Amino acid sequence: MSSIDSEVTIHEVTVEEGHLLFDRAVMEDLGLSGSEFIERLETNQLHDYSEEDLARVVLLLPFAA
Amino acid sequence: MPGRTVDAAFRDFIGPIKSAASCLGKLALSISPGGQNNPKIVHSWALLGTEGVTSGKWTFSARMSYKFVQDPASTQWRVMSVGYSYGLAYGDQQLWRMDWHPTSPVSPLPYPHIHLSFDKLLPETPAISKEHLPTGRFTFEDAIRWAAAFGFPMVHSDALQRLHLAEKDHLAYRSWGGSQAPDLSEN
């Protein structure tokens, strides 16, 4: 297992890194900033986006916590 | 797989994922804050940030959300996946994406499904990427096997064996149904 462990590393991101990662992913998938996505999610204003793209982004919400 | 502590449960959960991911190359798994030991909230991991692994024109992406669960009788902890998205693209063609997001607030589809599309590479085929084709639940190892079958280069000649071993423990302890993974490592 040592060779496998050296090939794949785990990086638990900081809160700041998590926000950056989430922001980048949302921009890439939906063309929105992370904060704009969350605001629209909370106010149910995401009708212009496909459900599958939205669902993929929602999987990453823990990075924005 | 259950572990005595939260930390042990995470190690048991992430170990097979690391083993499977090693078939793709040297890479990093990004874990959300507290994702190794905070049982109070849902967590996620993603390959290399969120952009996935590339090899030539191929891109394999994976992200999963999970939570810690404590067995009320034994008090042992385990990690349970609560959603995933695995995908393979060739150039700008997203060939397939295996999705499961049963608790998503934005999707009414609680069942696992796959999105397939080949229309950019094969224009005579229909553009059906929006179709949600129902499936059983896929494992991360399943997704890597699919990627390998489509042509994503594996960095180890024993990749199928690694995937089989990585999946064995997970399948032995999982609480959900779906297809049993055959041992394809001899083929």
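Only a predicted model underlies this, so the values are computations on that prediction, with no experimental measurement involved. The analysis underlying the following values was restricted to heavy atoms, covering all of them including side chains, and did not include hydrogens, waters or symmetry mates. So you know, we letter chains A, B, ... as the sequences are listed, proteins then strands, and number each from 1.
Residue pairs that meet the salt bridge (charged side-chain N to carboxylate O under 4.0 Å, His left out) test with at least one member in residues 9-23 of chain A, sequence neighbours left out, do not exist here.
When all heavy atoms of Ser33(A) and Val26(A) are compared, the pair lying nearest together is O-CG1, 3.8 Å. Taking both residues in full, the closest heavy atoms of Ile17(B) and Phe140(B) are given as O-CE2, 3.6 Å, listed atom of the first, atom of the second, then distance.
With respect to Glu52(A) and Arg56(A), no salt bridge is recorded, no charged nitrogen being found less than 4.0 Å from a carboxylate O.
Taking CH2 from Trp96(B) and OH from Tyr90(B), the interatomic distance works out to 15.5 Å, rounded to the nearest 0.5 Å. Separating the OG1 atom in Thr14(A) from the NE2 atom in His19(A) is a distance of 9.0 Å, to the nearest 0.5 Å.
Listed by sequence position, Ser65(B) are the residues of residues 65-74 of chain B in contact with chain A, using a 4.5 angstrom heavy-atom cutoff.
A search for side chain to side chain contact (heavy atoms under 4.5 Å, CB included) contacts involving Ala166(B) returns Pro16(B), Ser19(B), Ala20(B), Glu141(B), not counting sequence neighbours. By the side-chain hydrogen bond (donor to acceptor under 3.5 Å, both in side chains) test, Asn38(B) pairs with no residue at all, sequence neighbours left out.
Within the 4.5 angstrom heavy-atom criterion, only side-chain atoms of Leu41(A), from C-beta onward, approach chain B. Looking at Ala55(A), the atoms closer than 4.5 Å to chain B (heavy atoms on both sides) sit in the backbone and in the side chain alike. Neither the backbone nor the side chain of Leu24(B) comes within contact range of chain A, judged by heavy atoms closer than 4.5 Å. In this structure, chain B has no heavy atom under 4.5 Å from any part of Asn44(A). Interface remark: Ile41(B) contributes no atoms to any contact with chain A (heavy atom separation under 4.5 Å). Heavy atoms of His113(B) lying under 4.5 Å from chain A are absent altogether. At a 4.5 Å heavy-atom cutoff, the contact between Val58(A) and chain B is made by side-chain atoms alone.
With 3.5 Å as the limit, one finds a donor-acceptor pair spanning the side chains of Arg162(B) and Ser22(B). A donor-acceptor contact under 3.5 angstrom links the side chains of Ser81(B) and Arg137(B), judged on distance only.
The candidate from Gly87(B), Gly83(B), Gly34(B), Cys23(B) with the greatest count of non-hydrogen atom pairs under 4.5 Å with chain A is Gly34(B).
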